[in-house]
Amino acid sequence: QPLKYKYDSIYKWTWTYNRSPQVLQLISKKRSLSTAAAVLLRGAEKLSKSVAENMENRRQRDFNSELLRLRSQWKLRKVGDKILGDLSYRSAGSLFPHHGTFEVIKNTDIDLDKKVPEDYCPLNVQIPSDLEGSAYIKVSIQKQAPDIGDLGTISLFRRQPKSKAGAQPWHVKLEAAQNVLLCKEIFAQLSREAVQIKSQIPHIVVKNQIISQPFPGLQLSISLCHSSGEKKSQRAAPEKPKADDHLYVLEHNLHQMIREFHKQQLSSVLMPHPATAPFGHKRLRLAGPQAYTKAQISSVQQGQGLLEKIIKQAKHIFLRSRTARTIDSLASRIEDPQIQAHWSNINDVYESSVKVLITSQGYEQICKSIQLQLNIGVEQIRVVHRDGRVVTLSHQEQELQDFLLSQMSQHQVHAVQQLAKVMGWHVLSFSNHVGLGSIESVGNASAVTVASPNGDYAISVRNGPESGCKVLVQFPRNQSKELQKGDVVLDSKWSHLRGPYREVHWSKMEGRNFVYKMELLMAALTPAP
Amino acid sequence: MEAPPVTVMPVTGGTINMMEYLLQGSVLDQALDSLLHRLRGLCDNMEPETFTDHELVYLLKGQQGNPFILRARRSLSHPTAPWHLRYLGQPEVGDKSRHALVRNCVDVATSHSLPEFLNEMGFRMDHEFVANGHIFRKGAMKVVVTKLSRILVPGNTENIERLSLSYLVELSVLAPAGQDTVSEDMRSFAEQLKPLVHLEKIDPSKQRH
């Protein structure tokens, strides 16, 4: 040790020793300060610990309150150290074998130092992997059959439904999973029925698609579209946006029907009385004692499946839309006479009606002869005339079109008849179905003959759906020039005999429509008073 | 009048031979509430239902052998419901490892003239009793908690006296023959009712003597 340090320490010692009172004071002060600081530090430590504990407690409490909220809406049970929930529709009457169990997970190990994310929730749910994502049932009607190779590859997805504001993330997740489960149940039920039901054209079930032929050349396709996880956004993007032929009404009805089916299941499991009697349909137990007939028993057992119902509905929807299209296309193609359709707002799933009026523009008040009520059913259309006659048309488009064409042609002749009354002309003959002349390919031609008020002139109209109209005017004998020569009946008293007919060049007539032209013609042939 | 010969043919109900799988036990009256509470938790969530039934047991005695027994039951709480005629066969011997008693069972719903009909056929009523209690359901399983009462005046179901201070608990399933998974389900359900009630396989033929 160098000498200098040695002396240094001695010097220090002597220095401290000499100034001992102050030094002692200082030391004691320092010590007391440090103890005070230690107390403060310990206090601070305790405080921060308790704050952390509080946070922990609060999160625990948050979890518990979330759990309580979850319990108020979902069925939960405790198995071992896990909390399991049930998202299946079993308690609502579903018979779908999927267990539909979800697990409640405590999500409390979040780093406190970092900022807590906005959507943080202390409770999380783990749903079965096959119920993840979103799903829906796509129902569509297509014209031509696609290649068999295309079947079962439908993978169209809609956007995820936007979550309601304020809903818990677990709730959104569970509801989505429940929807997937319900869609799966519907599809499973439909495909089971598709295989079981015997139909003339067998239903095809390929992967996630069921194909049925409601009408020839037409196919109903029901497919289960299920997107699981995140992959779908990339896969769906390159696909061309196709025309959306999805029938939302049928999708909705499918959901409604499966719920009805559930409800029926629930209500049919009544407790038996007396208690020893077996479970089962209550009315079926009455069948023996009350000697039901075969018809009564089958009415109890009437179990029209989901698929049969949806096919019927699809048929109806298709028939309705095609009827609308037929009427619309006729209305736009043919200007004279006019055709109007009044659709009723309230329809049944299997039946709807439309009122069809055929009128002439400007003469709506006097020409109201054709009013048809079309009741569109599942397989056919019943047409009720104003006078109560009923015509039944099949689902073929051509039948309805031909029928309407023939009605329109009849309307013209009816209009002439009614116009004649207004104009003071006399109807000499009228026939809806003329047996003479060329044969029409659609319906029959109709004809009317009217005479002018003083009987000098007569107008004869023949109108056919295909051949169109032909108008002839008969002149009084004395006005016809060709007959003057060589005519044997020269006496003036014969001048009122009818003369020959001459055809009117109808297309060259002035007037915006048939009835107006007819009015002009009648006016021209009526002598001025 | 001589009784007609009793058939020795096995009794079956139609094309499907149904078997009753049965476990029985009993609870004291005091323990009833806790048992019902437990059952409400375990069974399908339906409104708990009570029943009051009147059962008549008919015998047809032949020249030899055991008499032929039929049970006719009607619901006193639902007078319009059909009567229930039931034939129960002898318990199946055989598989000792099976957890439930298995016996042949034929259920028929009948009209209200069943007693007269049975009398005409030569059956004679052996005994009658009133059973009231609670009925539960879990899937195909039926749980019946019954209080049995003796009828003091024959035919009068109002005038009754309870047989004991306990309730009979029966867990039963109707299933086609040979479905032994049923008894497995029943056993696990019975496990969940312990220690409130011990449901066991009780052979009625051995109890009689």
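Letters A, B, ... are given to chains in the order of the sequence lines, protein chains preceding strands, and every chain is numbered from 1. Values below: every heavy atom of this structure, side chains too, minus hydrogens, waters and symmetry copies. These figures come from a predicted structure and were not determined experimentally.
Note: A:Pro274 leads A:Pro278, A:Gly288, A:Pro274, A:Pro272 in heavy-atom pairs under 4.5 Å with chain B. Between chain A and the options B:Glu20, B:His112, B:Arg74, the largest number of non-hydrogen pairs under 4.5 Å is found for B:Arg74.
Distance check: B:Glu170 CD to A:Thr276 OG1 gives 9.5 Å after rounding to the nearest 0.5 Å.
Heavy-atom contacts from other residues, nucleotides or ligands closer than 6.0 Å to CG of B:Leu152 number more than 12. Within 6.0 Å of CZ in B:Phe117 there are 12 or fewer heavy atoms belonging to other residues, nucleotides or ligands. By the 6.0 Å contact criterion, CD on B:Glu116 is enclosed, its count of non-hydrogen atoms from other residues, nucleotides or ligands being greater than 12.
A:His273 has its side chain within reach of B:Glu49: a pair of non-hydrogen atoms, C-beta onward, lies under 4.5 Å apart. Residues A:Gln290 and B:Ser111 have side chains not in contact (no heavy-atom distance under 4.5 Å, counting atoms from C-beta outward).
Put simply, the side chain of B:Lys142 gets close to the backbone of A:Ala277: a donor and an acceptor are under 3.5 Å apart. One N or O on the side chain of B:Asp53 and one on the backbone of A:Ala275 form a donor-acceptor pair closer than 3.5 Å.
In this structure, chain A has a heavy atom under 4.5 Å from the side chain of B:Ser77, while its backbone stays farther away. Only the backbone of B:Ala140 comes within contact range of chain A, with at least one heavy atom under 4.5 Å from a heavy atom of that chain. Residue contact with chain A, scored on non-hydrogen atoms closer than 4.5 Å, involves the backbone and the side chain of B:Arg73 alike. Only the side chain of B:Leu174 comes within contact range of chain A, judged by heavy atoms closer than 4.5 Å.
When the side chain to side chain donor-acceptor pair (under 3.5 Å) test is applied to B:Lys194, the partners found at least two apart in sequence or on another chain are B:Glu191.
Closest non-hydrogen pair, B:Phe136 versus A:Phe279, comes out as O-CZ, 4.5 Å.
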